[in-house]
Amino acid sequence: MIAHRRRQHPSRVTMLTVLIGSLWLAGCASSNTLTPKANPAAADAYTQLGVAYLERNNLPRALNALDRALEIAPRHAEALQALALVYQRQGESALANDYFQQAVNAEPDFTRARNNYAAFLFGQGEFTAACEQLETASEDAQYANRAQLFTNLGQCYLALEEFDKARARLERAQSIDPRNSRGYLMLAELEYSQGNYSQAWAPLQTYLQLAEPDQAALRMAVDIAHSRGEYNVAADYQRQLGDE
């Protein structure tokens, strides 16, 4: 029988990359605190223009439009968080952090901004702070990407090696959206890293049914099938691995 060693916990997958891929830059204009002489329509228009430039990666024009929006409405949360994203892309970490903070302070219920802020903090290695932002964001029951948010939160706790919290958040993601494939993979990786092969098998199988098989998942499937004595199953996954 093949001996199996416990794997180390999964490497700290760069959540920044995963999150940025799913950011909602645009969206409905949020409620904002305006100066007495502010023109809300003009502030919103400049913000939308800035976001459009940001989506095209035209950062100088995005910066200009968002600055105009904030001249009109200094506490326009959407403009503040978009400006934070501009500075993040420009490598201006201190400025990005400052504007993210301003955005969530201006509008504490701005869940999308908290999610983006958490991505930024995770990328800076500030895992505890990132988890705190995601915990607050997770309280928004109406947030459209809530399952993804809980998956991100589970990954955040994995980075802190707080495995019980990570497991609970990943399971919560599954209950919110049973077809959220990434959450199943992360839960399988968590159990696998702890040597809990039997607990890893079910979420891994669900992931393989929902998503295109990838090499990391297939290698895990081969290893777990061997540990279960299911050598024909292991051989089948090995063949799929060879086709990748």
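Under the 4.5 Å side-chain criterion, counting only non-hydrogen atoms from C-beta, Leu63 is in contact with Leu83. The shortest distance between side-chain heavy atoms of Gln155 and Arg182 falls below 4.5 Å. Side chains of Phe150 and Asn145 form no contact here, defined as non-hydrogen atoms less than 4.5 Å apart. With contacts defined as side-chain heavy-atom distances shorter than 4.5 Å, the pair Thr111/Leu149 qualifies. Annotation: side chain of Gln90 is not in contact with side chain of Leu95 (no heavy-atom distance under 4.5 Å). In this structure, Asp223 and Arg219 have side chains that are not in contact, with every pair of non-hydrogen atoms separated by 4.5 Å or more. You'll find the side chain of Gln124 stays beyond 4.5 Å of the side chain of Phe122, heavy atoms only. Taking the side chain as every heavy atom from C-beta outward, Asp177 and Gln148 never approach each other to under 4.5 Å.
A donor atom on one side chain and an acceptor atom on the other are not found under 3.5 Å apart for Asp44 and Gln48. Checking Gln102 against Arg75 by side-chain atom types alone, no donor-acceptor pair falls below 3.5 Å.
Partners of Tyr117 under the ring pair (Phe, Tyr, Trp, His ring centres under 6.0 Å) rule, at least two apart in sequence or in another chain, are Phe100. When the ring pair (Phe, Tyr, Trp, His ring centres under 6.0 Å) test is applied to Tyr99, the partners found at least two apart in sequence or on another chain are Tyr87. Tyr53 pairs by the side-chain hydrogen bond (donor to acceptor under 3.5 Å, both in side chains) definition with nothing, not counting sequence neighbours. With sequence neighbours excluded, the residues forming a side-chain hydrogen bond (donor to acceptor under 3.5 Å, both in side chains) with Asn196 are Glu191, listed by chain and number.
With values rounded to the nearest 0.5 angstrom, Ser175 atom OG is found 11.0 Å from Leu170 atom CG. Here the OG-CZ distance, from Ser198 to Arg228, works out to 7.5 Å after rounding to the nearest 0.5 Å. A distance of 8.0 Å separates CG of Asn180 from CD of Gln174, quoted to the nearest 0.5 Å. A distance of 11.5 Å separates CG in Leu70 from CZ in Arg68, rounded to the nearest 0.5 Å. Atom CG of Asn64 is separated from atom CG of Asn58 by 10.0 Å, given to the nearest 0.5 angstrom. To the nearest 0.5 Å, the span separating CG on Leu54 from CD on Gln88 amounts to 9.5 Å.
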Step-by-step side chain to side chain contact (heavy atoms under 4.5 Å, CB included) determination, Leu80 to Glu107:
CA-CA 10 Å; Leu80 288 166; Glu107 191 172 336; over 6 Å; no
Output, in order, the C-alpha distance, side-chain angles, deciding distance and verdict of side chain to side chain contact (heavy atoms under 4.5 Å, CB included) for Gln199 and Leu187.
CA-CA 9 Å; Gln199 289 91 330; Leu187 186 58; over 6 Å; no
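Among residue pairs with one or both ends in residues 164-185, none qualify as ring-ring contact (aromatic ring centres under 6.0 Å, His included); sequence neighbours excluded. Residue pairs meeting the salt bridge (charged side-chain N to carboxylate O under 4.0 Å, His left out) criterion with at least one partner in residues 131-159, sequence neighbours excluded, are Glu135-Arg169.
Within a 6.0 Å radius of OH in Tyr46, other residues, nucleotides and ligands contribute 12 heavy atoms or fewer.
One N or O on the side chain of Arg56 and one on the backbone of Ala52 form a donor-acceptor pair closer than 3.5 Å. Between the side chain of Arg114 and the backbone N or O of Pro108 there is at least one donor-acceptor pair closer than 3.5 Å. One N or O on the side chain of Asn105 and one on the backbone of Gln101 form a donor-acceptor pair closer than 3.5 Å.
Transitive grouping of hydrophobic side chains (ILVMFWY, heavy atoms separated by less than 4.5 Å) keeps Leu49 and Leu85 in distinct clusters. Hydrophobic clustering (ILVMFWY, side-chain heavy atoms < 4.5 Å, transitive): Leu218 and Tyr197 are in one cluster. Residues Leu185 and Trp201 fall within the same hydrophobic cluster, defined by Ile, Leu, Val, Met, Phe, Trp and Tyr side chains chained together at heavy-atom separations under 4.5 Å.
In terms of heavy atoms, Ala43 sits closest to His76 at CB-CD2, 3.8 Å. Taking every heavy atom of both residues into account, Ala200 and Ile224 meet most closely at CB-CD1, 3.8 Å. Contact record, Ala106 with Ala77: CB-CB, 4.4 Å, taken as the closest heavy-atom pair. Closest of all the heavy-atom pairs between Tyr207 and Ala217 is CE2-CB, 3.7 Å. The two residues Ala221 and Leu208 come nearest to each other via the heavy atoms CB-CD1, 4.2 Å. Residues Ser181 and Leu210 approach most closely at CB-CB, 3.9 Å, considering heavy atoms.
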